[in-house]
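Below, chains carry the letters A, B, ... as their sequence lines are ordered, and counting in each starts from 1. Quick note: numbers below take in every heavy atom, side chains included, and nothing from hydrogens, waters or symmetry partners.
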Amino acid sequence: MKNKEMETTYTIPVGPIHPALKEPIRLDLKVDGEEIIDVDVAMGQVHRGIEWLGMNRNNPIQNIYLAERVCGICNICHPFAYIMAVEQAAGITPPERAEYIRVVIAEMERIHSHLLWAGVAAHEIGFDSVFYLVWRVREKIMDLIEYVTGNRVTKAMFQIGGVRRDITEEQFPQIRKTLDYYKTIFKQLKTVFLDDRTIRMRTKNVGVLKTEDALKLLACGPTGRASGVTKDVRQDQAYGAYADLDIKAITPDIITGTIVGDVYDRIIVRLLEVKQSIEIIERCLDEMPPGATLIEPKMAKLLKTLKTAEGKGVGRAEAPRGEVIHYVRLEAGRETLATWKIRAPTYLNLMSIPTILKGGQIADVPIVFASIDPCMSCTNRAVVIDRKTNKKSIMTYEKLHQLSVEKTRRLSNGLVE
Amino acid sequence: MDWSSNSYSLTITAIIGGSIVLALLGAFFGLLYRGIDRKLAAHMQGRIGPPIIQPFRDIRKLLAKESIIPDDGLSWLFQACPFIGLVVSILLLTYIPVFGQGALLEGYGDLILILYLLFIPSLALVIGGFASGSPFATVGAQREMVIMMSYEFPLAVAIIAIAWRISYVTDINPFIFSTVAQYPIWNQVGPMGVVGSLALLFTLLVVTPGEVAKVPFDIAEAETEIAGGLLVEYSGRNLALFYLADTIRAFAMVSLVVALFFPYNLSPLIGIGATAPTVIVDSLFFLLKVFLVMFISVILIRTAMARFKISQASYIYIMAMTLIGLVGLILIHVDMIV
Amino acid sequence: MSLSAIKRALWIYHINTGSCNGCDIEILAALTPRYDLERFGMMLVGSPRHADVLLVTGPVAKQMAPRLKRVYEQTPDPKVVIVVGSCGLEGGVFYESYNLVGPVDQIIPVDVYVPGCPPRPEAIIEAVAKAWVKLEKAEQQVV
Amino acid sequence: MEILSPEEIVESFKAALGSSFIDSKIYQREVAVKKNLFQAIWIYVKRDAFRQAVDLISKLQEYPHLSIISSSDLGDSVELIYHFAIYYGHHLKGLSLGLCLSLPKNDLKIPTITDLIPGAIFTERETQEMMGVEVVGIPDDRRLFLPEDFPEGVYPWRKDETGPEDMLKVLPGHSCHSDSFASCHSEPFASCHSEGEKRPKNLAQDNPELVSGEESHTAQDRLREESQEPGEKK
C-alpha cells in the first residue's frame, strides 16, 4: 500500500511496553505505509544479571533455582542443561531412573509450552476464542505437572546428580489418563489450527524463512525445523533418556509434503511435537528402570565434591523453542562457579527476525514475531551493568521516543493536508 | 400520537422531547445489547463472561475517571470528536424507524441521508485519532479510513437495489422508510428475486461488523497490533462518549438492517387494536429482530473468525461484497422481467 | 461519582518490567475459562490510558524503570497498582543483582502485593478482591 | 560428508594445523540404559590458526552450528571458547566441539568468522561489548545488550580493573558495602551482611515527590528495617 504522492517512511517504535509483545523488547520498524522496509532489534530490557549472581553469590546448587527462573515458561530446559554441564565438569553421572524422570518432566513442559504458544499466537491474530479454548485444554497438563512435581510453574525437580523427587508407580495411571485425554483432543486441535480458513489466511506464506537463510542464521528449534533444518538436540546428541528412545526431528513435510518455512509450517511443527511428546512420555513410563534417583543424597557431601572439582562442562538441551546451552567452568577451592555462560534459543532465532519481517506488513509483525515463540527473559540474562548515577544519560531513551513521535506527527500533518 | 402518518407538522418541543427519549432508549438498548454480546461470546468461548449490565458499569466507571488530554495533540479537536460521534449516532436513530414505529423525523430524511450519517461517526473517530498525536493512533486512523471507504460500496449497492425495486411498484420516493415499510422487499419479488434479496441481506450482514468495528474487521482498534489503535490516547469521559457512541451506532446500524429487510409488525397479525399494547408489542418484536440480526452478524462472526489484515478486509469489501451485491441487484431485476 | 463504580469494572493493563514470564503466564491463565477474571468485569486493555489496574510483574530492570514511571503517570486516576510475584516485592531470587532498580514500591506507590514465585491464578484473583477492599476504604475517606 | 570419530577428528586437526595445534581433550560418557555415548571434544589452538580451524570445522559439516562464544577472564589472559555442534541431523552422531583460544590481556584481538558463519554476528557483538575483545572486521559493531549510554572502557565480564565494580548497586535494604565489593564477595558471603547496613541512594529517593507518602509504602520500609538480621537467603 504505497503512498503514491509522497515517499514517507517513519519508524514505528514497537515496544518495550506493547500489548503484542508479552515481554519488553524493542523493534524499530522502518515502514513505508503498511509495508516494512527495515527492522532493528534492540534487547537488554529484561536483563537481571543471572550469570553475575551465579559467579559471585550462589554456590552451584543454589544456581539450579536461579537457572530455573531464567524463563518462566521453559524452566526445565535451563536447569537440565546447567546440571548436565556441572556433571560433565565435576565428573558425576546421574542414575538411570533419574535420566528417565528428567525426560518425562521435560516433555511435559514441552506440551504445556507449545499449547501456551498456540493460544498466544491465536490471540495475536485476534482469534480470542481459540486462545481461551487452547488455554483451557492446557490447564489439564498444568494439573498433571502440579500432581507430579508439586508446583504449576517453577518445579524445583532437578538436582546435580539426579532428581529430587521420584515418580512412583501409583502416579503412572493418572499420567496415562491425562495423556489419553490429550490424544483424543489432539484431532480437534489439528482441525482448529490447520484447517481454519482465517488462520490459514493470516499465516500461509507469511514470515517465510528459507532453508538457506535458516542454515546461515543458525535458526534452531521449531523455527529452524519449519524451514527444513533438522537440528534437534534430542535426536543428535545422546543426553538424558532420549538416547534410548530414538527421536526423529519433526519437519512440516510430514503433513503438507513440502517445506515452505512460513508461520503455518511453524504451527504444524509445534502441534506434531506435542503429539511426539505424548508418545515419548508413554515410552518413558513403560521402560522406566528401577533404582535410586540421586547419586549423592547428602547435600553437604555433594557441595564438597563440587568445591574440590576442577574442569569445564557444556550442557545442551532441546528446549521447546530450540537448543539451550550452558557452559560451566569450576575452579578448585572456589565456592561459586568460575564461569557460567547461558544462551537461550531465542538468542539465535532473533537473528532471523529482520530477514523474516522485511517486506511484510505492520499487521503481520505480532503474528510473525510470535511465530518464533520469543522468550525475552531467556535472551537477556547476560551480564549488563548500567551507570547508576548518570541522570542525563537516561534521558536519551526519552529523546529517542520523542524524536520518533515528533517525526510521525510532522509526517502525519503532511499527510493530512 | 401516531408517528407514521407522513403529513403531520412537528412542533419543536415534540422533536426535542422525542430525540431525548430516543437518545436514552438508544443508549440503554445499545449498552444492553453490548452486554448480551459479551456474555454470549464468552459462553461460546467456554467462559462465564461478565454480567449483562457490565457495559453500564464500564460507562459509569469511565465517567468517574480523570480524562487526560495529550499536550502534543490538537486538544480542542481531540475533545470535540467524541461529542460529534455521539451526537451523530443519536441523529442516526431519529431517522431510522425504531421500536416498530415510524422514524421520529419521518418526512425529513431518507436512506441517502442515512448513508452519509453512517459515515460521520467513523470520521469523528479518524479525526480524533489524528488529533491525539500518537504514532499508533495515526496508523489506526489510516486503517479506519481504508475500512470506511471500502464498506461504502456494498452498503450503497444494497440500499439502491432495494429502492430501485420498490420504485417500480409505487411512484412515491422509494428512499423513505415508510414506503419501504409499505412494500417489503420479500413480497414484491418472485423466487429469483428472493435469492437476489438474500444476497443483499448477506452483504449487509457482512458490512455490519465492518461498520461496528468488531472482529474480524476491528483492525482500527486492533488491541494487539497497535495498542488500541485509534482510541489509544482517549481516557475517562472522552472514552466513555466514544464507547457510548459506538454502542448506539451499532444499535442504529442493526435497526437499519431490520428496517430494510424485516419491516413487519406483529400487532396487525394478532389483531390488537388499541394503540398502547400495539406500541409495546411492536417494540418487543422489533427488539427481538434486532437481537437476531446482531447475533448472526456480530456475535457469531466475532467468535468464529480471526481478525483480517487491512489488505484482506478492504479486498473482501471492495471486490467480494460489491460483487455479491451487484449479483443480488441483477437477480431482483431479472425476476421482474421474467 | 463514587469510587465503587470503579471496582465493578476494572480494566487491567499488564507491565512486564523484566519478569521471567512465570507471573505473566499465570496472569493470562487467570483470564482463561477455568479462572475467568472477566466474570468480575475485568478486561485486559491495550493502552495505559484505558487502564484502572496496573499489574506490574518482574524486578524492575534498569532500562525499564523510567518506562514504568512514565506508564504510571500516563494512567488516569483513580488507579490501583498490584505487584504480582515476589520479584516485584523484594527482587525475589534476583534480589542482589546489580541491574535491578529495586522492588516496585521504590518506583511507584503500590497498593496490593501478591507474593509467590509465581503466585497461583487464585492468588491473583484474591489480590483483585483486596484491591476492591482498598478502593472501598479509600471511598469512605473520600465521602 | 562422512562421519568421523572423535579421535579421527583430532588427528585431522593435528595434521592440518601442525605447530599451532596445542592440545585436545575428548570427553565420553555412557548415557542411560542403552549406554549410548555422549561425546565432547575440546581443541586448544593458537590464534594464528584460528580461521583455518574454523574452515576445517565447516568441512566436517557444511553449515556447522555455532552455539555460542564463551569467554572467561583468567587474570593475565582471556580464554575464548567457540562452542560448535557438528553432525546435527544424524541420529545420535552429534558431538559438541569446543575450539579454545587464549588471548593475552594486552592484545585482545580475534578475526571475525561472520563470512564463514553469518549467524555468528550476535555472539561476536556480545563478546566484543562484554569482554573487550576486539573482533577484527566485524560487519556491525554496535552494542547488543548494553544501552548506548554505557561508558566506554568498562567491560562487565572482566574481573580486573576494567570490571564493573564501581557501578554495582545492590538492592536497597539488602546491601553490603559496594566499595569493599571484591573483598566482601570472596570470603564466605554470609558474614559480609552482618555489618551495619549502608543504604545506597535509589531512584525513589532521587525524586521523593513521585513516591507520595502512601501509607502502604512507609509500612513496607518499616517492615524491611526490622528484618535486617544477617542476610537470610532463600
Side-chain angles (χ1 to χ4, degrees), chain A residues 43-44 47 51-52 56-57 62 65 88 93 96 99-100 215-220 229-233 235-241 243-244 246 248-249 287 289 312 314 316 323 325 327 329 335 338-339 341 343 347-348 350-351 380 382-391 393-394 396-397, chain D residues 27 29-34 36-40 42 62-63 65-68 70-73 81 83 85 87-96 98 117-123 126 130 143-151 154 156-157 164 167-169 185 188-189 200-201 206 233-234:
Chain A
M43 297 187 271
H47 163 67
E51 282 151 341
W52 178 83
N56 294 296
R57 187 192 69 176
Q62 279 174 328
Y65 311 112
Q88 183 182 349
T93 52
E96 283 140 14
E99 299 269 21
Y100 272 77
L215 279 170
K216 277 218 182 77
L217 295 169
L218 305 169
C220 61
V229 172
T230 55
K231 280 180 192 162
D232 185 336
V233 185
Q235 164 199 280
D236 306 339
Q237 222 169 12
Y239 78 97
D244 308 348
D246 49 52
K248 196 188 156 317
E287 297 156 13
K312 295 201 276 274
V314 168
R316 287 174 71 226
E323 174 221 28
I325 179 167
Y327 164 68
R329 191 165 62 85
E335 181 83 22
T339 315
K341 179 71 191 128
R343 202 251 10 196
Y347 188 96
L348 289 180
L350 269 182
M351 279 188 269
N380 279 280
V383 172
V384 165
I385 309 277
D386 199 350
R387 181 160 291 281
K388 61 180 189 295
T389 50
N390 190 335
K391 205 87 181 137
S393 73
I394 300 178
T396 50
Y397 269 83
Chain D
Y27 170 87
R29 176 170 81 84
E30 277 96 16
V31 174
V33 175
K34 291 196 178 120
N36 296 298
L37 270 183
F38 170 87
Q39 304 163 33
W42 307 88
E62 215 234 334
Y63 284 104
H65 179 72
L66 168 66
S67 304
I68 191 71
S70 72
S71 47
S72 25
D73 181 349
I81 302 177
H83 297 273
Y87 298 143
Y88 56 81
H90 304 281
H91 185 47
L92 293 184
K93 291 283 180 296
L95 49 91
S96 36
I117 307 169
I121 180 71
F122 264 26
T123 182
E126 186 187 22
M130 297 297 180
R143 292 176 183 273
L144 190 65
F145 289 113
L146 300 181
E148 283 83 3
D149 57 30
F150 186 71
V154 177
W157 283 348
M167 302 182 55
L168 290 185
K169 184 197 79 52
H185 272 278
F189 45 83
K201 269 164 60 64
D206 289 353
K233 294 285 175 320
K234 238 224 237 288

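- For the set D:N36, D:V31, D:L92, the entry with the most heavy-atom pairs within less than 4.5 Å of chain A is D:L92.
- One finds the OH atom of A:Y327 at 5.0 Å from the NZ atom of A:K312 (value rounded to the nearest 0.5 Å).
- When heavy atoms are compared at a cutoff of 4.5 Å, A:E323 approaches chain D solely by way of its side chain, counted from C-beta outward.
- A side-chain donor from one of A:Q237 and A:R316 sits under 3.5 Å from a side-chain acceptor of the other.
- With a 4.5 Å cut-off on non-hydrogen atoms, A:T339 touches chain D through its side chain but not through its backbone.
- Using a 4.5 Å cut-off between heavy atoms, D:H83 contacts chain A through its side chain alone, with no backbone atom that close.
- D:S67 OG to A:K341 NZ: the interatomic distance, rounded to the nearest 0.5 Å, is 11.5 Å.
- Atom-to-atom distance recorded for A:D236:CG and D:K93:NZ is 11.0 Å, nearest 0.5 angstrom.
- In terms of non-hydrogen atom pairs under 4.5 Å with chain D, the most contact-rich of A:L217, A:V314, A:L348 is A:V314.
- Using a 4.5 Å cut-off between heavy atoms, A:K248 makes no contact with chain D at all.
- Of the two parts of D:T123, the backbone and the side chain both hold a non-hydrogen atom closer than 4.5 Å to a non-hydrogen atom of chain A.
- Of the atoms belonging to D:Y27, it is side-chain heavy atoms, and not backbone ones, that fall under 4.5 Å from chain A.
- For A:E287, no part lies near chain D; criterion is any non-hydrogen pair under 4.5 Å.
- Ranked by heavy-atom pairs under 4.5 Å with chain A, the first of D:A120, D:S96, D:G98 is D:S96.
- Interface remark: D:I81 contributes side-chain atoms only to the contact with chain A (heavy atom separation under 4.5 Å).
- By the side-chain hydrogen bond (donor to acceptor under 3.5 Å, both in side chains) test, A:E96 pairs with D:K35, sequence neighbours left out.
- Within the 4.5 Å cutoff, side-chain heavy atoms of A:V233 are placed close to those of A:Y239.
- Comparing A:C220, A:G240, A:A238, A:A243 by heavy-atom pairs within less than 4.5 Å of chain D, the highest count is held by A:A238.
- Put simply, CD1 on A:I325 and OG on D:S70 are 8.0 Å apart, with the number rounded to the nearest 0.5 Å.
- A:Y100 is linked by a side-chain hydrogen bond (donor to acceptor under 3.5 Å, both in side chains) to A:D244, counting only residues two or more places apart in sequence or in another chain.
- Proximity to chain D is limited to the backbone of A:A338, based on heavy atoms less than 4.5 angstrom apart.
- Residue D:Q39 touches chain A through its backbone alone, counting heavy-atom pairs closer than 4.5 Å.
- One finds no salt bridge joining A:R343 and D:E126 here, because no Lys/Arg side-chain nitrogen approaches an Asp/Glu carboxylate oxygen to under 4.0 Å.
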